[in-house]
Amino acid sequence: MRIAISGAGVAGAALAHWLHRTGHTPTLIEQAAGFRTGGYMIDFWGVGYQVAKRMGIEEQVRAAGYEIQRLHSVGRRGEVKADVDARIFSRMVGDDFTSLPRGDLAAAIYRTIEDKVETIFGDSIAALDEHGDGVRLAFEKGAPRDFDLVIGADGLHSNVRRLAFGPEQDYDHYLGCRVAACVVDGYRPRDELVYVMYATPGHQLARCALRDDRTMFLFIFRAPREGTTTAPKSQLRNEFRDVGWEAREILATLDGVEDLYFDVVSQIRMDRWSRGRTLLIGDAAACISLLGGEGTGLAMTEAYVLAGELERAGGDHRRAFDAYEARLRPFIESKQSGARKNIPFFATKTRFGLWFRIMAMRTMNFGPMARLFASTVIDDFDLPDYGI
């Protein structure tokens, strides 16, 4: 089948890989002018890692990844208040664990198809017109084209979801926080293979050293959904300039940042992920939020399962879409529930909450508490073997 995929990030590229591998003709449609790399750091494990193995990209993922050694929670003057051995996470989930920039994972996936799959950069879908045996797409720039299926893999603010299912506010559930991330060159101080976090009530600021003398910064803060039209950099300066630690030095680096990720922390919850010949995957269908920590791996899993169910259904898209959703929905909804419980850790409201968080982090170095935490990160999902 000819299958249009809106979005050339992790979900879209992974789906294009599996569809091409199973004999379909996918076309990636990406609004950005070129492929995006870098981005904020993610932890990569679980079923998503198993899918990466089946794709044959484990070596590239490992090469792009970082084996973080320590997790530090620091005080206002930089003193270490909690020191966690980060290797406890790999002991929980096995050796299949690494940390890497989200865009670098997407690039590893895209390299498997870049000479095999058509990618349209710098354009987006303007209208969907479904007819008896296909869907005609109108584009913002290009000429209309016909496809058999349309897949929205275009993230939290999905264009395909808006066109096929209605406005974003019908499905968006704001979790009370905003998040920003960027990468800068030459920042000091620098702690190799250490993820350093600093928190005050309602705010968290973190840094992680990357290769080539780069540093990634992550900002999380509580904020109302409505009420501000301030530019992102100004919002960050207003929120973090007086919090202490290295905040003023970090904010000073924003002047030279051109690629700043800035967004709300939300979940997408829908009764159905498909309508007719259109289906959503990844954050477009059921964003668990950045605070869930596993959205990228889940997107890769969804891509694999969708391609597998299309193969099993012999191209019967309705049967495949139903099987895909029945298999994945309970798992994804459990991940969304877990992500909502993480909010107090990432954006603690009170000073007592901050003290409790530090105490909890200190106990994670001990076996019983680590095993208790493991129950929240181990995937309760049997990845099917579709033989593809």
Side-chain angles (χ1 to χ4, degrees), residues 5-7 9-15 18 42-52 54-55 93 96 102 105-106 109 151-158 160-161 164-166 168 170-175 179 263-275 278-310 312-313 317-343 346 374-386:
I5 304 170
S6 177
V10 169
L15 180 59
W18 291 111
I42 61 167
D43 293 325
F44 187 52
W45 78 94
V47 288
Y49 198 106
Q50 299 311 307
V51 172
R54 295 184 188 185
M55 296 176 81
V93 300
D96 295 341
R102 179 187 176 102
L105 174 59
I109 299 169
I151 309 298
D154 42 0
L156 175 63
H157 306 294
S158 169
V160 168
R161 186 183 62 236
F165 296 87
E168 183 172 310
D170 291 350
Y171 309 105
D172 177 279
H173 293 260
Y174 182 55
L175 299 185
V179 61
D263 210 342
V264 295
V265 177
S266 291
Q267 292 185 338
I268 297 298
R269 302 178 207 159
M270 306 180 69
D271 293 333
R272 292 280 297 174
W273 296 341
S274 66
R275 177 169 291 172
T278 299
L279 178 136
L280 305 173
I281 71 169
D283 285 353
C287 177
I288 69 168
S289 86
L290 177 140
L291 305 187
E294 201 179 356
T296 304
L298 297 179
M300 293 176 66
T301 303
E302 291 165 40
Y304 172 74
V305 170
L306 175 57
E309 293 298 342
L310 281 169
R312 280 187 178 176
H317 72 276
R318 187 68 270 155
R319 188 173 131 212
F321 286 1
D322 289 345
Y324 159 85
E325 185 160 343
R327 186 179 293 278
L328 283 167
R329 182 175 282 277
F331 178 52
I332 299 300
E333 288 182 346
S334 72
K335 290 293 182 179
Q336 287 186 318
S337 176
R340 292 193 293 273
K341 295 174 184 176
N342 286 344
I343 295 173
F346 285 99
S375 65
T376 68
V377 298
I378 294 174
D379 291 333
D380 183 18
F381 183 76
D382 292 324
L383 189 67
D385 184 357
Y386 293 106

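Computed from a prediction, not measured in an experiment: that's the story for all the values here.
The two residues D96 and Y49 have their closest heavy-atom pair at CB-CD2, 3.4 Å. The shortest heavy-atom contact between V305 and P384 is CG2-CD, 4.4 Å. Closest approach of R54 and D385 over heavy atoms only: NH1-CA, 3.8 Å. Contact detail for F321 and S274: the closest heavy-atom pair is CD2-CB, 3.7 Å. Among all heavy-atom pairs drawn from A326 and P330, the shortest one is O-CD, 3.6 Å.
Judged by distance alone, with hydrogens and angles left aside, the side-chain atoms of E302 form no donor-acceptor pair with the main-chain N or O of A11 at under 3.5 Å. A side-chain donor-acceptor contact under 3.5 Å links R329 to the backbone of D271. In this structure, Q267 contributes its side chain and H173 its backbone to no donor-acceptor pair below 3.5 Å.
Applying the side chain to side chain donor-acceptor pair (under 3.5 Å) rule to Q336 yields no partners; only residues at least two apart in sequence or on another chain are considered. Scored by the ring-ring contact (aromatic ring centres under 6.0 Å, His included) test, Y386 finds Y304 as partners (sequence neighbours excluded). In this structure, F165 has no ring-ring contact (aromatic ring centres under 6.0 Å, His included) partners at least two apart in sequence or on a different chain. Annotation: side-chain contact (heavy atoms from CB on, under 4.5 Å) contacts of A284 (sequence neighbours excluded): D154, S158, R161, L280. Every residue two or more places apart in sequence or in another chain that forms a side chain to side chain donor-acceptor pair (under 3.5 Å) with D322 is listed here: R272, R318. Y171 pairs by the side chain to side chain donor-acceptor pair (under 3.5 Å) definition with nothing, not counting sequence neighbours.
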Q: Show the numbers, then the answer: is there a side chain to side chain contact (heavy atoms under 4.5 Å, CB included) between M300 and F44?
A: CA-CA 11 Å; M300 293 176 66; F44 187 52; 3.7 Å; yes
Q: Please assess L156 against D172 for the test side chain to side chain contact (heavy atoms under 4.5 Å, CB included), listing each intermediate value before the final yes or no.
A: CA-CA 8 Å; L156 175 63; D172 177 279; 4.3 Å; yes
Q | Verdict with supporting geometry, W18 and L310, side chain to side chain contact (heavy atoms under 4.5 Å, CB included) | A | CA-CA 10 Å; W18 291 111; L310 281 169; over 6 Å; no
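Note that CD1 of I332 is 11.0 Å distant from CD of E325, once rounded to the nearest 0.5 Å. The OG1 atom of T301 sits 7.5 Å away from atom CG of L328, with the distance rounded to the nearest 0.5 Å. Here the CG-CZ distance, from L383 to F331, works out to 9.5 Å after rounding to the nearest 0.5 Å. The distance from atom CD1 of I268 to atom CH2 of W273, rounded to the nearest 0.5 Å, is 12.5 Å. How far CD1 of I281 is from CG of L306: 6.5 Å, rounded to the nearest 0.5 Å.
Annotation: side chain of I109 is in contact with side chain of V10 (closest heavy-atom distance under 4.5 Å).
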